[in-house]
Every structure is written in C-alpha cells, then in structure tokens.
Amino acid sequence: MDLHQARLDVHLALVNCVFDGELLLAGASVESVDLTGSSAAGLRADRIQVRGDMLLNAMRIGDATSPAPQVADPGPDGDRAFVTRRVPDEGTTASLRLVGARIDGLLSLEGSILDGTGPWALFAPRITIGDSLQASGLTASGGLYLREARVGQSMLFDRATVGAVDATGVSCTVGFYADWGFTCHGPVRLRGAEVGRVVTFHDATLAAPAGAAVLTRLRTPRLRVDFRTTPAGQLSVRDGRIGSYVDSPSSWPASGSLDVEGLVYERLGSTEPVGVKERLEWLSRDAAAGAGSFEQLASSYQRAGQERFARTVRHARERRLRREERLPGRVWGRIQDVLFGYGYAPGRALLWLLLLVGVGSAWFFAHPPRPTSGGARRVWDPVLYALDLIIPVANLGQRSAWEPTGLDKVIAVLLILAGWLLATAVVAGAHRAISRN
C-alpha cells in the first residue's frame, strides 16, 4: 500500500490486516493511524505527520530469515566515554522507519514484534511525540534508534525485549521506564539525555553479549539502576547530574565496569541496607575513580547528617591518592595513616601518645636515670619525664634534670624521635584539614 505524501483528513484504520509487502506512509499527513493487529513486511513512515495517535499495537513488522547483527559500543576514547557515530538517515534499513516523524498524540507499540535483518528494528531519529511512546511488551530483533527524540510525556519499555536502545540526546518531560522485565542484549544509550522526572531500570536485565547502560551526561531528578541481575557490560554515569541515585548491591556492575567519574548527585540510596564499607566497595569497582568521586560520596553522607561516614570516605580517599605517589610519598602517607588516619582518626593519635608515655614511664620506672650534675634538684617522676621527652614543645623541667646513659639513652632518643614524628604527622593532617575547609 503506497500512501506516501498523501493528505488524508480522516482517521486511517487498517486493523488486523495482512500486507505481503511494505506499508508506505512517508511524508503523509493524517488525522490518526490505527494498524492494530496487522502484519507487513515493513513500515516506512519518515516525516509522517499525525495529528492524533499512531497505534501500532500487536503488529508484526518484518519477516527475518536470519538473525540481526548485534549493536555494540566502540571502545572508549581518552576520557573513558563511549562515543558512537550518528547513523545516516539514508541507506539505513529497519523494519519500522519514522525518521523525523511528528505525532501529536500517542505512539503505541504495545505487544508488537519488529523482526528485521538489520541492526536497527526501529529507526526514528528526531521523532517528535506530543504524548508518550508506549512500547510495553515490545519484541525487537534489533535496536531502537531514537536519537534526539522529543517526547512530551513518557517513554515506556516495561516487559520489552530489544537488541539495543540509542536515545542519545533525547528530551523527555516525564520519565524513561525501562523496567519490570525489560531485557536488552546490547547497550542502552542515554548520553546527554534530559528526562524531567525519572529514569528507571528497576527489575531490568542488561543481558549478554553486550548489555550495558551508557548514561553519560544524563540529567534527571531521579535515577534507579537496581537491575534484576548484574549487567553484562558497563554502567557509565560519567558527568551525570542526578537528584536521587538509587541502586541495589545485588546488581552492582562487576569490578572495572563502573564509571562514576564526574557524577553529581544529591542523595544516594539503595533498595537494600548498605553501609559505608559496602559503598566504598561499590566505588572501588570504578578502578579510575578520582578524588572527586570520593568527595561526592562524602558530601552525600554529610548532607544526610552522617559526619562519621563522611570522614570514613575521606579517609579512604586519602589512601587512594597516596597509592599514586612515589615511594617516599607512599611511605610518609602510610605513616600518617597508621598514626592518626590522615587526620580523620584523631583518637588514634591520642592512643599512640598514651602508648608511648606508658612504655616510656614503665621503662624509666625500672631504670631511673641519674641526676645531672650542677642542675636544679627535681623530684623523680617517670611519667613527667616520658612526657617531657615525647612532646616536642613541652618543657616540664624533667629532661634537663636527669641524664640517661647506655641503653636508657637509646630509649630516650627513640621516644624523642617518636614524639617528633607523631607531632609532624598531626601538624600535616591539621594543615590539610584546614586547607580543605
């Protein structure tokens, strides 16, 4: 049936029809289209203008004799971001083509089957939909190409099974719902997308061989990535701006498959209880996570009033940064970590001080040094003597009043060095904390 460029001031209804060839509606203008239950070898409707709804429910479009090639992402560029080329309009085959189409109402593909031999089953770049795109229960042998689509309400793919989704640059007023049994065998790309309320992959499966979620530069108030199982590929939310980020430990991506660098979120949540140690383990799955990723996590805890967890994250950040330094820096960092946790565990410094005082006091209680000749007479106190040795700025008059010899002198020197080391580490940590604040 050839209706391309046709001007129809009526509702076009071809329900439960069978077409041996293709339906040609490219450039047509029509009040509404209802092809529910029909089947055709293909549907070409580039630049169609529909003033109402376009209903393609329970349709079968295409009759593939061989499996469609798998859509996969190329390797990452220097910024670890997957970059995909724009697919040309001309020469791209698909079971359903809606290039530049304008549908003022609803586009519905509920329960339909798109069965083609090309990598794309639905090819609809720059489509404009006034209401929603409903594709619940859709089965597509290839991918859905919706690059730079404009959708007035929501995009619904619950229970759908598709080869891939490329919604790069999409603008959606309400929500992007790839949930409740959604299955994809290739990448779901929402690079640079803007979604007004929510993007959700709740109970979704990103299956082998190339199931992945590429959500770089996504803007949305709420993102749910609590998949049904661990994704087969990468989860990338690099440079995203998210209000509330919700995930699930049981579906965290494998180590090396998470990319959260540059991600900004206001609140971090989970469908299961997650402690700070588990959340740090989640962050460690991004092998290249920098200081900014740790600070973002710490800030989310701080906004929630969990200061202790925020300090734990910042402590872990210092450990990660020290690994990248040269050997002297790593050694000095290890010393600071052991002594007082880079300033995030100040109680540890007090414990070291008490330990040094206790050891020094016990030693000099059993081995009191002799008084210095010609000096002022002092009452012997091993505790004050140990404190005078350990604390660099202290002057309790004990060090100058007593003169250790032999092994006692070695112990005294070691206590002095330990005191200076502890004081230097504490000053360095305090300076870093003040500079950070």
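The analysis underlying the following values was restricted to heavy atoms, covering all of them including side chains, and did not include hydrogens, waters or symmetry mates.
Counting only heavy atoms from C-beta outward, the side chains of L43 and L56 approach each other to under 4.5 Å. T271 places a side-chain heavy atom less than 4.5 Å from the side chain of V246. In this structure, I242 and L218 have side chains that are in contact, with non-hydrogen atoms separated by less than 4.5 Å. Using a 4.5 Å cut-off on side-chain heavy atoms (C-beta onward), R147 and R126 make no contact. Considering only heavy atoms from C-beta on, T205 stays 4.5 Å or farther from F227 through its side chain.
Summarising the geometry, atom OG1 belonging to T93 is positioned 12.0 Å from atom CH2 belonging to W120; distances are rounded to the nearest 0.5 Å. The distance from atom OG1 of T117 to atom CG of D115, rounded to the nearest 0.5 Å, is 9.0 Å. A distance of 10.5 Å separates CG of L25 from CG of D46, quoted to the nearest 0.5 Å.
At least one donor-acceptor pair under 3.5 Å links the side chain of S38 to the backbone N or O of L14. Using modelled atom types, one side-chain atom of N57 and one backbone atom of E110 make a donor-acceptor pair closer than 3.5 Å. Proximity of a side-chain donor or acceptor of T92 to a complementary backbone N or O of P88 within less than 3.5 Å is detected. The backbone N or O of E266 sits nowhere less than 3.5 Å from a side-chain atom of Y245 that would complete a donor-acceptor pair. Side-chain N or O atoms of T216 include none that pairs as donor or acceptor with a backbone N or O of V237 at under 3.5 Å. The main-chain N or O of A58 is found under 3.5 Å from a side-chain atom of S112 such that the two form a donor-acceptor pair. With S270 contributing its side chain and E272 its backbone, the two residues share a donor-acceptor pair below 3.5 Å. Side chain of T200 to main chain of H202: a donor-acceptor pair is present (N/O by atom type, distance under 3.5 Å, no hydrogens or angles). The backbone N or O of G358 lies less than 3.5 Å from no partner atom in the side chain of S361, so there is not a single donor-acceptor pair. Within the 3.5 Å criterion, the main-chain N or O of L55 finds no donor-acceptor partner in the side chain of S108.
Using cut-offs of 30° and 60° for the angle between ring planes, the F201 and F176 rings count as tilted. Ring orientation note: the planes of W282 and W252 are tilted relative to one another, at an angle of 30° to 60°.
Closest approach of S141 to A121, counting heavy atoms only: N-CB, 4.5 Å. Closest of all the heavy-atom pairs between L98 and A45 is CD2-CB, 3.5 Å.
With sequence neighbours excluded, no residue forms a ring-ring contact (aromatic ring centres under 6.0 Å, His included) with Y177. The side-chain hydrogen bond (donor to acceptor under 3.5 Å, both in side chains) test applied to Q302 returns R314, not counting sequence neighbours.
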Check against salt bridge (charged side-chain N to carboxylate O under 4.0 Å, His left out), D247 and R279: CA-CA 11 Å; D247 61 10; R279 190 53 73 179; 2.8 Å; yes
CA sep, side-chain torsions, deciding dist, call: R150, E194, salt bridge (charged side-chain N to carboxylate O under 4.0 Å, His left out): CA-CA 10 Å; R150 298 293 178 265; E194 295 186 6; over 6 Å; no
CA sep, side-chain torsions, deciding dist, call: V199, L190, side-chain contact (heavy atoms from CB on, under 4.5 Å): CA-CA 10 Å; V199 174; L190 284 172; 3.8 Å; yes
Derivation and outcome, salt bridge (charged side-chain N to carboxylate O under 4.0 Å, His left out), residues R102 and D104: CA-CA 6 Å; R102 182 180 181 86; D104 294 340; 3.3 Å; yes
Full working for side-chain hydrogen bond (donor to acceptor under 3.5 Å, both in side chains) between Q234 and S257: CA-CA 4 Å; Q234 187 187 47; S257 296; over 6 Å; no
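For residues 167-176, there are no salt bridge (Lys or Arg N to Asp or Glu O under 4.0 Å) pairs, not counting sequence neighbours. Pairs of residues two or more places apart, or lying in two chains, that qualify as side-chain hydrogen bond (donor to acceptor under 3.5 Å, both in side chains) and include a residue from residues 12-37 are H11-S32, E22-R44, S29-R51, E31-R51, D34-T36. Pairs engaging residues 213-225 under the salt bridge (Lys or Arg N to Asp or Glu O under 4.0 Å) rule: R224-D226 [sequence neighbours left out].
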Report, one line per pair, each donor and acceptor closer than 3.5 Å where one atom sits in a side chain of residues 155-163; sequence neighbours left out.
{"residue": "D158", "atom": "OD1", "partner": "S136", "partner atom": "OG", "Å": "2.6"}
{"residue": "D158", "atom": "OD2", "partner": "S136", "partner atom": "OG", "Å": "3.3"}

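Looking only at atom types and distance, the side chain of S255 has no donor-acceptor partner in the side chain of R285 under 3.5 Å away.
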